[in-house]
Amino acid sequence: MSITIRKATSLDASFLAQMILQSSRADKKESIFDLIFETNNNEMILKKLEMLTQTTAKSHCHFSNFLIAEVDGKSVGSLCSYEPRIATKQTFVDALKEVGCSDNVSETLEVLYSCDFELNNRTLMFDFMEEAEGFVDVGVLKALMQKSLLTARLKGYRIAQSIVEIGSLETILSYKKMGFKEVQSIECELYREKFGRVGLMLLSIEF
């Protein structure tokens, strides 16, 4: 099976929306986007996420931060990499307002930021590492990560990190298989109440 890696474009918005929702749900009934968009209707959430990948404010969800894996011309996986000094919390709020969220969306995000890590602004962050159904464990994630780390090294980065949910075993295992190690974990009562997961974990890799 030949896996091709390419940069995402705005034409990938629909696929990226699916990957973002799949990643944020991670076997939970609700994700942060269910709270943000105030609905459990997948069709409505996906439509909003499509818009979110194309906003003027370039949040971490913007299509320009994504690589896409393809097999025979079919999109089968995604990986987002972004700089926290550019894709800031405020940028995310601005992007959410662009897609119709109210001014109090910042309050909704507190459930996420209650488990907050002190991130180095010169560290590259990874998110939304996903593979489509039918393409699990065939090398998609490894190919995406290798390409992302190569690009990051060329840009001068030496450390990459990712924030994952404590208890999201498959995601944690995928990262650890690629050399990531746990740096810190934070347990948050508010997060547990909303999502049934005790908190978040920071994973890191030097390359």
* Is Asp116 salt-bridged to Lys89, going by a charged N under 4.0 Å from an acidic O? ->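 Yes, charged N to carboxylate O under 4.0 Å.
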
* Under-4.0 Å salt bridge between Asp12 and Arg6 ->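 Counted as a salt bridge, because a side-chain N and a carboxylate O are separated by less than 4.0 Å.
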
Under 3.5 Å: donor-acceptor pair, side chain of [X], backbone of [Y]:
X	Y	result
Lys48	Val99	yes
Gln22	Glu130	no
Ser31	Ala26	no
Ser24	Ile20	yes
Glu83	Arg122	no

* Asked: Is the Phe180 ring parallel, tilted or perpendicular to the Tyr175 ring (thresholds 30°, 60°)?
  ->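 Phe180 vs Tyr175 ring planes: perpendicular.
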
* So Phe33 and Phe92, would you call those rings parallel, tilted or perpendicular, with 30° and 60° as cut-offs? ->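 Because their plane-to-plane angle is over 60°, the rings of Phe33 and Phe92 count as perpendicular.
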
Are [Y] and [X] co-members of a hydrophobic cluster defined by side-chain heavy atoms under 4.5 Å apart?
X	Y	value
Val93	Ile32	yes
Met44	Leu52	no
Phe66	Met129	no

* Asked: In chain order, what residues pass the ring-ring contact (aromatic ring centres under 6.0 Å, His included) check against Phe15, with sequence neighbours excluded?
  ->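 Result, ring-ring contact (aromatic ring centres under 6.0 Å, His included) vs Phe15: none returned.
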
* Do Ile163 and Met125 touch side chain to side chain, with heavy atoms closer than 4.5 Å? ->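 They are in side-chain contact.
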
* Residues in salt bridge (Lys or Arg N to Asp or Glu O under 4.0 Å) with Glu165, at least two apart? ->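 So Glu165 forms a salt bridge (Lys or Arg N to Asp or Glu O under 4.0 Å) with Lys28, Arg197.
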
* Verdict with supporting geometry, Phe128 and His60, ring pair (Phe, Tyr, Trp, His ring centres under 6.0 Å) -> CA-CA 10 Å; Phe128 309 126; His60 64 295; 5.8 Å; yes

Could you list the donor-acceptor pairs under 3.5 angstrom formed by side chains in residues 143-154, with sequence neighbours left out?
unit_1, atom_1, unit_2, atom_2, d
Ser148, OG, Leu144, O, 3.1
Thr151, OG1, Lys147, O, 3.0
Arg153, NH2, Phe207, O, 2.7

